[in-house]
Amino acid sequence: MTSMESTNQKSSDALVPTADNYVCVAPDVRLGANVRLSKFINLYGCEIGDNTKVGAFVEIQKNARIGKNCKISSHTFICEGVDIENGVFIGHSVTFINDSYPRAVTTEGELQTEQDWAVERTVVRKGASIGSGSTILSNIVIGENAIVGAGSVVTKDVPANAIVAGNPAKVFRYITEEQRIA
């Protein structure tokens, strides 16, 4: 996997995509120092902290924030309203949701615009890990150091240090003090 190196890039000097690098980074993206970006990504209006790695085929939308020292694996979708704190691992093909009741049209039958709905926030606390193929619904907080098992559907808050899995995700046990990273 080829990656691009960037250092201290702000909205005024963000990476400019070219036809041969297959990277789409809008000018309003804020990248920290030593952010590594793979090919085939789409970033706009977001913020990514120092030393974070973003895998291929990832989209991160406006008003999403990724902390320092995170790993965002390939094929992941991080929508507007998601706040990922420092040291978080996001597995392959993780999808975040920001609307509990999505609709294509208004009650009048017109195509919805941004003015027709409100973004619902999601927070992933420091040191948490989300397994591949998981779906994280809106209005959720995933607690510090929590682990979400692969393929889970998270429908409610996950306590700090909890290990959850399933559809819907349920607590299986808690991480012991010796197993904690942060």
Side-chain angles (χ1 to χ4, degrees), residues 4 6 9-17 22-32 35-50 52-107 110-144 146 148 152-158 168-169:
M4 301 177 63
S6 67
Q9 294 185 325
K10 303 293 183 223
S11 59
S12 61
D13 64 346
L15 297 172
V16 178
Y22 306 103
V23 175
C24 183
V25 178
D28 59 353
V29 171
R30 292 180 42 200
L31 298 174
V35 169
R36 293 182 306 187
L37 304 175
S38 295
K39 291 185 178 184
F40 308 108
I41 62 169
N42 186 28
L43 309 176
Y44 56 97
C46 60
E47 178 182 335
I48 301 174
D50 298 347
T52 289
K53 180 179 178 183
V54 178
F57 303 102
V58 169
E59 178 168 329
I60 305 174
Q61 294 185 331
K62 68 180 180 178
N63 301 319
R65 191 186 85 63
I66 313 298
K68 297 177 183 179
N69 303 310
C70 293
K71 181 177 180 187
I72 312 300
S73 300
S74 70
H75 299 86
T76 289
F77 175 71
I78 301 172
C79 56
E80 181 176 7
V82 173
D83 185 4
I84 296 173
E85 295 183 350
N86 297 337
V88 169
F89 171 82
I90 306 292
H92 301 279
S93 300
V94 171
T95 301
F96 289 86
I97 309 296
N98 65 1
D99 188 351
S100 296
Y101 301 99
R103 297 284 185 253
V105 296
T106 64
T107 54
E110 299 295 321
L111 194 60
Q112 277 196 355
T113 66
E114 287 188 38
Q115 289 73 37
D116 296 312
W117 63 282
V119 172
E120 297 172 344
R121 309 219 42 96
T122 298
V123 177
V124 181
R125 298 276 183 225
K126 175 181 150 186
S129 294
I130 301 176
S132 295
S134 294
T135 300
I136 313 302
L137 299 186
S138 58
N139 293 319
I140 300 291
V141 175
I142 296 176
E144 190 170 322
V148 175
S152 296
V153 177
V154 179
T155 61
K156 60 184 180 181
D157 290 351
V158 174

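Values below: all heavy atoms of this structure, side chains included; hydrogens, waters and symmetry mates excluded.
- For Asp83 against Arg65, the heavy-atom pair with the smallest separation is OD1-NE, 3.1 Å.
- Of the listed residues (Leu137, Thr135, Ile140, Ile90), just one forms a side chain to side chain contact (heavy atoms under 4.5 Å, CB included) with Phe96, and that residue is Ile90.
- Atom CG of residue Asn69 and atom CG of residue Asn86 lie 6.5 Å apart, to the nearest 0.5 angstrom.
- For the residue pair Ser138 / Ser100, a side-chain donor-acceptor distance below 3.5 Å is found, with atom types taken as modelled.
- Of all heavy-atom pairs between Gly67 and Thr52, the closest is O-OG1, 2.8 Å.
- At distances below 3.5 Å, at least one donor-acceptor pair connects side-chain atoms of Ser38 with backbone N or O atoms of Val54.
- The nearest pair of heavy atoms linking Val141 to Arg125 is CG1-NE, 4.0 Å.
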Given side-chain contact (heavy atoms from CB on, under 4.5 Å), test Ile72 with Ile48 step by step and report yes or no. CA-CA 11 Å; Ile72 312 300; Ile48 301 174; over 6 Å; no

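- What you find for Val29 and Gly45 is that their closest heavy atoms are CG2-N, 3.7 Å.
- Taking 4.5 Å as the limit, some side-chain heavy atom of Trp117 sits within range of a side-chain heavy atom of Asn98.
- Across all their heavy atoms, Gly143 and Ala128 have their closest contact at O-CB, 3.7 Å.
- Within the 4.5 Å cutoff, the side chain of Arg103 has no heavy atoms near those of the Val105 side chain.
- Asp116 CG to Thr107 OG1: the interatomic distance, rounded to the nearest 0.5 Å, is 8.5 Å.
- Rounded to the nearest 0.5 angstrom, Thr122 OG1 and Ile97 CD1 are separated by 9.0 Å.
- The distance from the SG atom of Cys24 to the OH atom of Tyr44 is 9.5 Å, given to the nearest 0.5 Å.
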With salt bridge (charged side-chain N to carboxylate O under 4.0 Å, His left out) as the test, would you mind laying out the steps for Arg30 and Glu47 before giving the verdict? CA-CA 5 Å; Arg30 292 180 42 200; Glu47 178 182 335; 3.8 Å; yes

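- Interatomic distance, Leu31 CG to Cys46 SG, rounded to the nearest 0.5 Å: 7.0 Å.
- Checking side-chain atoms of Ser132 against main-chain N and O of Ser93 turns up no donor-acceptor pair under 3.5 Å.
- In terms of heavy atoms, Val148 sits closest to Ser134 at CG1-OG, 3.8 Å.
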Residue pair Leu37, Leu43: steps toward the side-chain contact (heavy atoms from CB on, under 4.5 Å) verdict: CA-CA 10 Å; Leu37 304 175; Leu43 309 176; 3.9 Å; yes

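- Distance check, rounded to the nearest 0.5 Å: OG1 of Thr76 to CD1 of Ile130 gives 9.0 Å.
- Not a single donor-acceptor pair under 3.5 Å links the side chain of Glu80 to the backbone N or O of Val119.
- Glu85 contributes a side-chain N or O that, together with a main-chain N or O of Lys126, makes up a donor-acceptor pair within less than 3.5 Å.
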